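Please read the structure below before turning to the comments.
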Amino acid sequence: QAQLVESGGGLVQAGGSLRLSCAASGRAFSNYAMGWFRQAPGKEREFVTAISWSGRTSYADSIKGRFTISRDNTKNTVYLQMNNLKPEDTAVYSCAADQNWSRMALKYEANYWGQGTQVTVSS
C-alpha cells in the first residue's frame with residue numbers, strides 16, 4: 001500500500017526557516033513526480049512545488065526564490081526547504097505523488113497524498 005508521511009512542520013517566526021520531509025513507501029516512488037501542496041484555513045488547496053523523477057522542478061509564483069524542493073531517490077524522500085517564511089505561508093502542507101509530471105505540475109492533481117503537516121508562521 002502506497003504511503004506518504006510528512007514531517008518537519010511547526011511554529012516559526014516570520015523570516016525564519018523550516019524543512020519539511022516526505023517519506024514515501026509502498027511503491028517505486030523514485031519514478032514518480034513528487035510535490036507539495038498547501039491549504040490555509042478557509043481557502044482551497046493550492047499547488048506549491050513539484051519535482052520530477054529526473055529533477056525537473058516547478059514552483060508557484062508566491063514562493064519562488066524562498067522555497068526549494070529536492071529529492072533523494074535512494075531514501076524515497078522529498079524535501080521542502082522553506083526560507084524567509086511569511087505569515088501568509090501558514091497552512092497545512094501535504095506531500096503528493098503521481099506517475100505523470102504534467103498532471104501534477106500543470107493540472108495540480110495527484111494520485112497519492114500524505115496526511116499533511118501544519119506550518120504556522122507568526123508575525
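Owing to the predicted nature of the structure, the values given are computational and were not obtained by experimental measurement.
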Where the side chain of Glu6 meets the backbone of Ser94, is there a donor-acceptor pair that is under 3.5 Å apart?
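Checking the backbone N and O of Ser94 against the side chain of Glu6, no donor-acceptor pair under 3.5 Å is found.
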With a 3.5 Å distance limit and no angle check, can you tell me whether Ser30 reaches the backbone of Asn73 through a side-chain donor-acceptor pair?
no
Which residues, ordered by chain and number, are linked to Tyr79 in its hydrophobic cluster, where ILVMFWY side chains connect at heavy-atom gaps below 4.5 Å, directly or through other members?
none
Co-members of Phe37 in a cluster of I, L, V, M, F, W and Y side chains, linked at under 4.5 Å
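Phe37 clusters with Phe47, Met104, Tyr108, Trp113.
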Straight-line distance of Glu88 CD to Ser123 OG, nearest 0.5 Å
10.0 Å
Approximate separation, where rounding is to 0.5 Å, of Leu80 CG and Met82 CE:
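The CG atom of Leu80 sits 5.5 Å away from the CE atom of Met82.
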Residue list, ring-ring contact (aromatic ring centres under 6.0 Å, His included) with Tyr93, at least two apart or on another chain
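Checked Tyr93 against ring-ring contact (aromatic ring centres under 6.0 Å, His included); zero matches.
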Qualifying salt bridge (Lys or Arg N to Asp or Glu O under 4.0 Å) pairs with a residue from [range], counting only residues at least two apart or across chains:
{"range": "residues 114-123", "answer": "none"}
{"range": "residues 42-51", "answer": "Arg38-Glu46"}
{"range": "residues 106-123", "answer": "Arg103-Glu109"}

Review item, side-chain donor-acceptor pairs of residues 12-28, under 3.5 Å, at least two apart:
{"residue": "Ser17", "atom": "OG", "partner": "Asn83", "partner atom": "OD1", "Å": "2.9"}
{"residue": "Arg27", "atom": "NE", "partner": "Tyr112", "partner atom": "OH", "Å": "2.8"}
{"residue": "Arg27", "atom": "NH2", "partner": "Tyr112", "partner atom": "OH", "Å": "3.3"}

Holding to side-chain contact (heavy atoms from CB on, under 4.5 Å), I want the full list of residues that pass it with Leu11, two or more places apart in sequence or in another chain.
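If we apply the side-chain contact (heavy atoms from CB on, under 4.5 Å) test to Leu11, skipping adjacent residues, the hits are Thr120, Ser122.
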Any side-chain heavy-atom pair from [X] and [Y] closer than 4.5 angstrom?
{"X": "Val92", "Y": "Thr117", "result": "no"}
{"X": "Phe29", "Y": "Val78", "result": "no"}
{"X": "Phe67", "Y": "Asp89", "result": "yes"}
{"X": "Tyr59", "Y": "Thr68", "result": "yes"}
{"X": "Thr49", "Y": "Ser58", "result": "no"}
{"X": "Met34", "Y": "Asp98", "result": "no"}

Counterpart residues, side chain to side chain donor-acceptor pair (under 3.5 Å), relative to Ser70 (two or more places apart):
none
Would you please name every residue forming a side chain to side chain donor-acceptor pair (under 3.5 Å) with Ser52, sequence neighbours left out?
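Partners of Ser52 under the side chain to side chain donor-acceptor pair (under 3.5 Å) test: Ser54.
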CH2 of Trp101: more than 12 outside heavy atoms within 6.0 angstrom?
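Enclosed.
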Counting only heavy atoms not in Gln39 (residues, nucleotides, ligands), do more than 12 fall under 6.0 Å from its CD?
yes
Apply the test side chain to side chain contact (heavy atoms under 4.5 Å, CB included) to residues Gln99 and Asn31: give CA-CA distance (whole Å), side-chain angles for both, the deciding distance (0.1 Å), then the verdict.
CA-CA 7 Å; Gln99 287 180 294; Asn31 297 324; over 6 Å; no
Could you walk me through whether Thr90 and Gln118 pass the side chain to side chain contact (heavy atoms under 4.5 Å, CB included) test, one step at a time?
CA-CA 8 Å; Thr90 295; Gln118 177 70 47; 4.0 Å; yes
Does any pair with a residue in residues 33-80 pass disulfide bond (SG atoms under 2.5 Å apart), and if so which ones, sequence neighbours excluded?
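Sorted result for residues 33-80: empty, none.
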Under the rule for salt bridge (charged side-chain N to carboxylate O under 4.0 Å, His left out), what residues qualify as partners of Lys64, not counting sequence neighbours?
Asp61
Measure across Ala40 and Ala91 and return the closest heavy-atom pair with its distance rounded to 0.1 Å.
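Ala40 and Ala91 have their closest heavy atoms at N-CB, 3.8 Å.
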